[in-house]
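Please read the structure below before turning to the comments.
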Amino acid sequence: MLAIKFTSKRDFWLGLVLWGSIGYGIFISFSAITAEKASLGESILTILLNVVIILFISWLWFSTYYVLDENELIIRCGPIRKRIPYRVITSAHKTWNPLSSLALSLKRIHITYQFGMALISPKDRNQFLTLLKEKCPHASIKID
């Protein structure tokens with residue numbers, strides 16, 4: 001069976017907070033550069049710092065996804081990659097848990113496995129859980 005990739009659901013409010021914060025940070029940085037007559041070195045440092053932050057947030061925002069592979073669930077969020085073998089998954093269910101996680105939405109799936117837990121937010125939670133249930137017949141997976 002081929003691997004099935006699920007992109008992360010992205011909440012509008014989270015995008016507004018992230019991208020709004022970046023916009024505000026850029027505005028404040030450039031205001032400080034121009035109003036306080038920053039040196040060339042300070043200006044370059046400020047610009048580079050803003051570029052790094054924008055690239056990092058973009059990396060998280062545009063590369064968060066989940067893959068149901070042949071033998072494992074692969075979770076990807078920017079530089080973070082997690083592999084969870086199906087044999088260690090014990091349960092999965094829908095949740096609105098607001099804990100920090102590899103998810104871009106509060107419409108999440110809570111996955112418990114032998115070594116911990118993961119919160120993810122695939123766009124189609126029902127399809128994801130249905131396919132996960134096929135891959136993990138031993139696990140307690142609640143679709144509704």
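Quick caveat: nothing in here was measured; it's all calculated off a predicted structure.
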Do you reckon [X] sits in the same ILVMFWY cluster as [Y], going by side-chain contacts under 4.5 Å, direct or chained?
X: Phe30; Y: Trp19; answer: yes
X: Ile84; Y: Leu68; answer: yes
X: Val67; Y: Ile120; answer: no
X: Ile28; Y: Leu18; answer: no
X: Ile75; Y: Leu119; answer: no

For the [atom1] atom of [X] and the [atom2] atom of [Y], what is their distance to the nearest 0.5 Å?
X: Ser140; Y: Ile89; atom1: OG; atom2: CD1; value: 12.5 Å
X: Ile141; Y: Phe128; atom1: CD1; atom2: CZ; value: 8.5 Å
X: Leu102; Y: Arg76; atom1: CG; atom2: CZ; value: 11.5 Å
X: Asp124; Y: Thr7; atom1: CG; atom2: OG1; value: 9.5 Å
X: Ile143; Y: Gln127; atom1: CD1; atom2: CD; value: 11.0 Å
X: Leu45; Y: Glu42; atom1: CG; atom2: CD; value: 8.5 Å

Which pair of heavy atoms, one from [X] and one from [Y], lies closest together, and at what distance?
X: Leu60; Y: Gly78; result: CD2-CA, 3.9 Å
X: Pro137; Y: Glu134; result: CD-O, 3.7 Å
X: Val17; Y: Ser21; result: O-OG, 2.6 Å

With a sphere of 6.0 Å drawn around NZ of Lys107, does it hold more than 12 non-hydrogen atoms of other residues, nucleotides or ligands?
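Result for NZ/Lys107: open.
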Do we see a donor-acceptor contact under 3.5 Å between the side chains of Thr112 and Thr90?
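Absent: no donor and acceptor within the cut-off.
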Are the side chain of [X] and the backbone N or O of [Y] linked by a donor-acceptor pair below 3.5 Å?
X: Ser121; Y: Leu104; value: yes
X: His138; Y: Tyr86; value: yes
X: Arg10; Y: Phe12; value: no
X: Arg125; Y: Ile109; value: no
X: Arg108; Y: Leu99; value: yes
X: Lys135; Y: Glu72; value: no
X: Ser105; Y: Asp11; value: no

Hey, can you tell me if His110 and His93 have their rings parallel, tilted or perpendicular (30° and 60° cut-offs)?
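Judged by the thresholds at 30° and 60°, the geometry between His110 and His93 is tilted.
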Counting C-beta onward and ignoring hydrogens, is there a side-chain heavy-atom pair between Arg87 and Asn71 closer than 4.5 Å?
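Side-chain contact under 4.5 Å: no.
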Any non-hydrogen side-chain atom of Leu55 less than 4.5 Å from a side-chain atom of Trp59?
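No; the side chains remain at least 4.5 Å from each other.
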What do the steps show when you test Tyr113 against Leu73 for side-chain contact (heavy atoms from CB on, under 4.5 Å), and what is the final call?
CA-CA 11 Å; Tyr113 57 100; Leu73 165 61; over 6 Å; no
Please report the C-alpha distance between Lys5 and Ile74 in whole Å, then the side-chain angles of each, then the deciding distance to 0.1 Å, and finally whether the side-chain contact (heavy atoms from CB on, under 4.5 Å) criterion is met.
CA-CA 9 Å; Lys5 182 178 177 179; Ile74 301 167; over 6 Å; no
Considering the options Phe62, Trp61, Tyr66, which one meets the side-chain contact (heavy atoms from CB on, under 4.5 Å) requirement together with Thr64?
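When side-chain contact (heavy atoms from CB on, under 4.5 Å) is applied between Thr64 and each of Phe62, Trp61, Tyr66, only Tyr66 qualifies.
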